Amino acid sequence: MKGIRFRCWIDIDGEKYFGPGPVQLLQLIEQEGSLSKAAKAMGMSYKKAWDIINHLNDKATDPIVLSKTGGSKGGGAQLTIRGKQLIESYLELTSKLEAVVAENKQLLDLI
């Protein structure tokens, strides 16, 4: 079966910054309120998830995720307004790209 697939990544200085994996992680943090629960839902180690969030926060002009350390009530993580905007803009971009791909399926007839 023929098909066209694409993955959209945002690069900063030639280095992958944001794409499908990080967007899924952020969506799960928003849903779960916890980095560890989000990582577990993705089948990812907490350390890898933490590294992704640190990378996002370090390269962004404003923090993407804020975390609270544990205690009697436990810790947690939450997206900032900037984090929510990043997800929204990325999803809008990928939706537009999917529409372009759908409009150009005639390319498959040439293969």
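Position 1 is the first residue of the sequence, and the numbers go up from there. Worth saying up front: this structure is predicted, and the values here are computed from it rather than measured.
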When rounded to the nearest 0.5 angstrom, what is the spacing between CD in E15 and NZ in K59? 5.0 Å

Go through the steps to decide whether L28 and M42 satisfy the test side chain to side chain contact (heavy atoms under 4.5 Å, CB included), and finish with yes or no. CA-CA 9 Å; L28 286 165; M42 290 183 71; 3.3 Å; yes

Heavy-atom donor-acceptor pair, T80 side chain to P63 backbone, under 3.5 Å: yes

Stepwise side chain to side chain contact (heavy atoms under 4.5 Å, CB included) check, K84 with I81: CA-CA 5 Å; K84 292 174 185 179; I81 291 171; 5.6 Å; no

Can you list the steps and then say if R82 with T61 is a side chain to side chain contact (heavy atoms under 4.5 Å, CB included)? CA-CA 9 Å; R82 177 72 69 180; T61 55; 4.0 Å; yes

Please check: side-chain N/O of S89 versus main-chain N/O of Q85, any donor-acceptor pairing under 3.5 Å? yes

Work out which heavy atom in F6 is nearest to a heavy atom in T94; give both atom names and the distance. CZ-O, 3.9 Å

L66 with I53, same ILVMFWY side-chain cluster at under 4.5 Å: no

Which heavy-atom pair separates L25 from A49 by the least distance, and what is that distance? CD2-O, 3.9 Å

Sidechain-backbone polar pair: D11 side chain, Y17 backbone, donor-acceptor under 3.5 Å: no

Tell me if a side-chain donor or acceptor on Y90 pairs with a main-chain N or O of W9 at a distance below 3.5 Å. no

Using every non-hydrogen atom in the two residues, find where I64 and L56 come nearest and quote the distance to one decimal. CG1-O, 4.0 Å

